[in-house]
Amino acid sequence: MKIADVRKSAFAMPLTSPSYPPGPYKFVNREYMIITYRTDVDALRAVVPEPLEVVEPVVNYEFIRMPDSTGFGDYTESGQVIPVDFEGRKGSYVHAMYLNDDSPIAGGREIWGFPKKLAEPCMHVEKDTLVGTLNVGSIQVASGTMGYKHRELDRDVVRESLLAPSYLLKIIPHVDCTPRICELVEYYLEDVTVKGAWSGPAALELHGHALAPVAQLPVLEVLSATHVLADLTLGLGRVVHDYMD
C-alpha cells in the first residue's frame, strides 16, 4: 500500500478493517435511567479537571440501553456524569462509562475521548421496577432501581436538558507513554426526539472495585430519578481547551 493510499483510506484502526464506521451516529429508542444523588463535594473536586467547575455536590448515575445505533449495534452502558460549569455554560462532565460492546468503546475513546471501559451493564424491567446493574467480571459494582413510570414528565423540559453541552477529557498517549493529545472536548446531542419521560422513587448502591471506582463518589442521598426514551444523534465534538498548549 502506497503512502498516498494510506492517507486516503486511513480512518480508524485497524487500517484495513476499522472497529467502527464513520458517523453520523444515530440512536433509536435510546433508554435512560438516571439516578441523581448527593455526594461528597471534595471527592467531586478531586476528579473534575479544570477549567471545568463543580457547581453542586451532585452526580447523575446513568444506565443506558441502546438497542439500535448506527455502526455501534445493540449495547448497554452505565456510568457517572457530573454537573459542571464551563465559562458560564451549564453542562455535564462525563466522568466514567462502562459498556459491553467493542465498537463504541473504540469509537468513543478515539473520536471524542469518552472514558469507556469494558464491563457488563444491564438494564431491564422486573414487574413494576426498572432495574440497572453494573458487573465487572463476577463483581457487582452498581445496582439501581426505580419505580416504573410512576409520574409522567414534561417531554419538552426533558428534551432541553438533553440539549445541554457535555464535556470529555480526551487523552491519547505518545509511543513513549507521554501524552500526545490531552484536550477538553465539548459535544452535544442532536436531532433529539423525546418519546417518553417519567420519574419515580429510586435507590442506588455503589460498591468498591479497584478498576471500576464508582464508589469513590459515594451515595449520600438519592435526590431524584428520571426514565427517558428518545431518538437522537450523537454530535461530533470540538476542542475547547488544549492542556498541551
Side-chain angles (χ1 to χ4, degrees), residues 20 23-27 30 32-64 66 69 72 77-99 104-117 119 121 134 142 157-173 179-192 206 212-214 216-217 223-224 226 228 230 232-245:
Y20 50 92
Y25 303 99
K26 298 180 181 295
F27 295 78
R30 181 166 171 153
Y32 298 82
M33 176 169 63
I34 305 170
I35 300 177
T36 301
Y37 70 92
R38 183 172 59 85
T39 192
D40 180 81
V41 68
D42 292 329
L44 276 186
R45 289 173 177 154
V47 300
V48 174
E50 292 182 337
L52 300 177
E53 298 180 2
V54 174
V55 295
E56 54 185 338
V58 167
V59 178
N60 293 320
Y61 195 94
E62 299 186 351
F63 297 94
I64 311 174
M66 287 162 277
S69 61
F72 295 149
E77 187 168 89
S78 180
Q80 291 161 308
V81 177
I82 301 168
V84 294
D85 183 280
F86 177 68
E87 296 182 345
R89 296 197 298 278
K90 294 291 189 294
S92 297
Y93 172 61
V94 184
H95 171 57
M97 284 290 167
Y98 304 88
L99 57 157
I105 291 176
R109 290 170 69 105
E110 293 172 10
I111 298 172
W112 297 270
F114 277 98
K116 296 179 183 286
K117 298 179 77 173
L134 173 62
V157 172
V158 172
R159 182 177 182 275
E160 283 301 311
S161 70
L162 294 175
L163 295 176
S166 292
Y167 299 94
L168 303 161
L169 185 57
K170 181 174 182 176
I171 304 170
I172 294 181
R180 178 73 175 267
I181 294 173
C182 189
E183 300 168 338
L184 187 67
V185 173
E186 179 183 80
Y187 76 95
Y188 291 82
L189 302 181
E190 302 171 352
D191 306 320
V192 177
L206 304 179
V214 293
Q216 287 185 355
L217 300 177
L223 301 174
S224 63
T226 306
V228 180
L232 56 88
T233 299
L234 178 57
L236 300 177
R238 69 184 186 101
V239 176
V240 294
H241 183 81
D242 188 345
Y243 293 88
M244 305 297 291
D245 186 3

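Excluded from the calculations below are hydrogen atoms, water molecules and symmetry mates; all remaining heavy atoms, backbone and side chain alike, are included. The first residue of the sequence shown is numbered 1, and numbering continues consecutively from there.
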In Å, rounded to the nearest 0.5 Å, how long is the span from [atom1] of [X] to [atom2] of [Y]?
X: Lys170; Y: Leu184; atom1: NZ; atom2: CG; value: 12.5 Å
X: Arg30; Y: Leu189; atom1: CZ; atom2: CG; value: 6.5 Å
X: His95; Y: Gln216; atom1: NE2; atom2: CD; value: 7.0 Å
X: Thr36; Y: Glu62; atom1: OG1; atom2: CD; value: 8.5 Å
X: Arg238; Y: Glu186; atom1: CZ; atom2: CD; value: 4.5 Å
X: Thr233; Y: Lys26; atom1: OG1; atom2: NZ; value: 3.5 Å

Has Arg38 got a side-chain atom pairing as donor or acceptor with Pro57's backbone, closer than 3.5 angstrom? no
So, the side chain of Arg159 versus the backbone of Val192: is there a donor-acceptor pair under 3.5 Å, distance only? yes
Looking only at heavy atoms, what is the nearest atom pair of [X] and [Y], with distance?
X: Tyr167; Y: Val84; result: CD1-CG2, 4.1 Å
X: Leu206; Y: Ala142; result: CD2-CB, 3.8 Å
X: Phe114; Y: Arg109; result: O-CG, 3.2 Å
X: Tyr98; Y: Ala212; result: OH-CA, 3.3 Å
X: Asp242; Y: Cys182; result: OD1-O, 3.4 Å

Given Gln80 and Tyr61, is the side chain to side chain donor-acceptor pair (under 3.5 Å) satisfied, shown in steps? CA-CA 5 Å; Gln80 291 161 308; Tyr61 195 94; over 6 Å; no
Check step by step if side-chain contact (heavy atoms from CB on, under 4.5 Å) holds for Ile82 and Leu217. CA-CA 10 Å; Ile82 301 168; Leu217 300 177; 4.1 Å; yes
Is there a side-chain contact (heavy atoms from CB on, under 4.5 Å) between Tyr187 and Ile111 once you walk through the steps? CA-CA 11 Å; Tyr187 76 95; Ile111 298 172; over 6 Å; no
Is the gap between the ring centers of Phe72 and Tyr25 under 6.0 Å? yes
Tell me, with the steps shown, if Leu169 and Tyr93 meet side-chain contact (heavy atoms from CB on, under 4.5 Å). CA-CA 9 Å; Leu169 185 57; Tyr93 172 61; 4.0 Å; yes
side-chain contact (heavy atoms from CB on, under 4.5 Å), that's the test. Do Glu110 and Ile172 meet it? Break it down for me. CA-CA 8 Å; Glu110 293 172 10; Ile172 294 181; 5.6 Å; no
Using a 6.0 Å cut-off, check whether atom CZ of Arg180 has over 12 heavy atoms from anything other than its own residue. no
